[in-house]
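Have a look at the structure below, then the notes.
When a residue number appears, it is its place in the shown sequence, counting from 1.
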Amino acid sequence: MFILFCSRLFVNLQSVRFCRFMSLTSIAGKLFLPRQKQLQRHINEGVDLQHDVLKHLIAKGKNTEYGINHNLDKINNYEEFVKNVPVNTYEELKADIDRMRHGEANVLWPGRVKWYAKSSGTTNDKSKFIPVSAEGLQKIHYKGGSDVVALYLQNNPKSRLFDGRSLILGGSHQPNYNLPHSLVGDLSSILIENINPLANLVRVPKKSTALLSDFEVKRDRIARECMNKNVTNISGVPSWMLSVLVRVMELTGKKHLEEVWPNLEVFFHGGIAFTPYRKQYEQLITSNKMHYMETYNASEGFFGIQSDPADKSMLLMLDYDVYYEFLPMDEFDSPNPNIVPLEGVEIGKNYAMIITTSCGLWRYMIGDTVQFTSKNPYKFIISGRTKYFINAFGEELIMDNAEKGLAYACEKTGAEILDYTAAPLFMDSNAKCAHQWLIEFAKEPASLDEFANLLDKRLQEVNSDYEAKRSHDVTMQRLELVKARKGLFNDWLKSKGKLGGQHKVPRLSNSRTNIESMLLLNR
């Protein structure tokens, strides 16, 4: 996150008179005070902020081809917006996006869009290419990065964040259909490519290393370039960052990361749940001044920030170029689901998130599910994916259930998890069925059977549907646990061309396609 606001910081700092007795962070922190005040509107004015966003997006998009075809110039309220604009998945927008990639202008968004974030499919090898407009880059992605820092500094007034370097992991990019200045690749690589060059003075590794495509080579180079720098903050996906940090420890021979970077104070993380990795990070970084801050940033946009260190839920960012709608997951397969705007959500209910953005995504089903924990302000947790769940026998197991179950089993057994996936075992000749979990442990429990019992027990406690199906072992048997060999999931991702960057292992699936291919590699 640190790198996303550095270019703005350098410009602003030129107008600040430096004091030799003040840290750079104390000076830079003053620049965030106006925004910290603005963010207070999220407490009681969230719905008004969203109404303004929708009005702005309609006004900008009404003269595009999509806007003309869907009567955006005649839309004056949310009801008319719903009536004229259908809910879209990637498949519905794919043809228009491909035309944009070939250089056509004014298709989904005004002008030509030059950048496309490549997002891998979750159940097959196909990729999605998400448009990243100039407006979206500034008013969604970079704005989100800046707000992460604004909220972090607000919560940590003694921070020395700017007095050292930022280690940020990025992906790679390549030319888009050989069009001049047009790129396709990981979102992080697009952000790095477009950042003010001055920002490279405070980030590590160097740009050429950050954009390498071979993660195994990149991992070693990042560690070597960063291990002798004064790193104060790190940003990235927990699994890939952990791999880099382990390499730093190997090269330096140190036991704890604060011996390498004594001023390290925060990890801005996102992309996957942090819970399975927390214990490993706490063992690696024992400093009591270390902070962890979750963000919800994706190829499609920047949506949430953990605004309170004591609260694991995130603040929904409502004044970016993103308009939100929510589809109740219990109506997901309904032909006429009751999709609601922000003011219609209920606390504790599971929703599929739908977004409209200044990148030309109109009522786009992003594929993530969320649950609100508060409405003043609107705060939420990521509960899973519309495709990351198991409901083979009516059990409706979602990722939030899985994370809670694994955390409980790890706590009780002292185990630590590197990665996992789960899928149904369908009825055999004896009408027996269950879930199968494939888990790679960083620290294996003394008894895999005990771990499986604890996991199964906790899943019943947090999910009444799962509990009902497990009752007396009639519908479902106790889950089956398979231990994954070391490096299995990395090898599987590598076989799919998805090693590194923002790629991640699909956690839960109704299909056995992924787990079967993993089991073949586990022999």
Side-chain angles (χ1 to χ4, degrees), residues 1 3-4 53 88-90 93-94 97 113 115-123 126-133 135-148 168-171 173 184-192 194 235-241 268-274 293-306 313-318 320-327 351-371 380-388 399-400 498 500-507:
M1 294 306 122
I3 194 66
L4 302 184
V53 169
N88 294 295
T89 65
Y90 183 76
L93 298 180
K94 181 178 179 180
I97 291 174
V113 175
W115 309 303
Y116 297 85
K118 186 177 180 181
S119 177
S120 297
T122 56
T123 57
K126 295 180 180 179
S127 294
K128 297 182 292 185
F129 298 91
I130 305 301
V132 181
S133 67
E135 292 92 337
L137 194 67
Q138 297 297 328
K139 297 180 181 179
I140 301 175
H141 295 291
Y142 285 158
K143 190 173 183 179
S146 180
D147 280 351
V148 170
I168 180 169
L169 298 187
H173 60 62
V184 60
D186 288 346
L187 173 67
S188 56
S189 69
I190 294 172
L191 298 174
I192 291 172
N194 287 281
S235 303
V237 176
S239 54
W240 302 124
M241 180 61 75
F268 301 116
H269 60 86
I272 59 175
F274 188 57
M293 190 170 179
E294 185 173 9
T295 65
Y296 180 15
N297 57 318
S299 299
E300 295 86 352
F302 201 120
F303 311 124
I305 301 172
Q306 185 182 2
S313 59
M314 287 181 280
L315 180 70
L316 188 66
M317 308 313 294
L318 301 173
Y320 298 178
D321 275 2
V322 182
Y323 182 76
Y324 299 96
E325 297 173 84
F326 303 91
L327 190 163
Y351 293 99
M353 196 161 76
I354 297 169
I355 59 172
T356 296
T357 79
S358 60
C359 291
L361 300 178
W362 296 96
R363 302 196 78 200
Y364 180 82
M365 182 89 66
I366 189 174
D368 289 335
T369 62
V370 299
Q371 290 180 357
F380 68 98
I381 61 168
I382 302 171
S383 55
R385 297 276 297 173
T386 56
K387 293 184 180 180
Y388 281 11
M399 276 177 56
D400 184 59
K498 299 179 180 180
Q502 297 182 6
H503 301 301
K504 42 192 176 285
V505 174
R507 299 304 199 191

Thr369 backbone acceptor or donor facing Ser383 side chain under 3.5 Å: yes
Would you check if Leu169 and Val237 make a side-chain contact, meaning some heavy-atom pair closer than 4.5 Å? no
Asp368: what forms a side-chain contact (heavy atoms from CB on, under 4.5 Å) with it, not counting sequence neighbours? Tyr296, Ile366, Arg385
From Ser358 atom OG to Asp321 atom CG, the distance as rounded to the nearest 0.5 Å: 3.5 Å
Within the structure provided, determine whether Tyr324 and Val370 are in side-chain contact (heavy-atom separation under 4.5 Å). no
Is there a donor-acceptor pair under 3.5 Å between the side chain of Tyr90 and the backbone N or O of Phe129? yes
Ignoring hydrogens, what is the shortest heavy-atom contact between Gly170 and Ser188? Give both atom names and the distance. CA-OG, 3.3 Å
For Tyr142 and Asn194, does a side-chain donor sit closer than 3.5 Å to a side-chain acceptor? no
Nearest heavy-atom approach of Lys139 to Lys143 is O-CD, 3.7 Å
Indicate the atoms forming the closest heavy-atom contact of Gln306 with Met314, along with that distance. N-CG, 3.6 Å
Which residues pass the side chain to side chain donor-acceptor pair (under 3.5 Å) test with Ser189, sequence neighbours left out? none
Heavy-atom closest pair, residues Trp362 and Asn88: O-ND2, 2.7 Å
Are the side chains of Ile355 and Phe303 in contact, using a 4.5 Å heavy-atom criterion? yes
Ile305 and Met317, any side-chain heavy atoms less than 4.5 Å apart: yes
May I ask you to decide if Ile381's main-chain N or O and Ser313's side chain share a donor-acceptor pair within less than 3.5 Å? no
Minimal heavy-atom distance between Cys359 and Gly136, with the atoms involved, is SG-CA, 3.7 Å
Any side-chain heavy-atom pair from Met293 and His269 closer than 4.5 angstrom? no
Give the C-alpha distance, both sets of side-chain angles, the deciding distance and a yes or no for side chain to side chain contact (heavy atoms under 4.5 Å, CB included) between His141 and Ile190. CA-CA 10 Å; His141 295 291; Ile190 294 172; over 6 Å; no
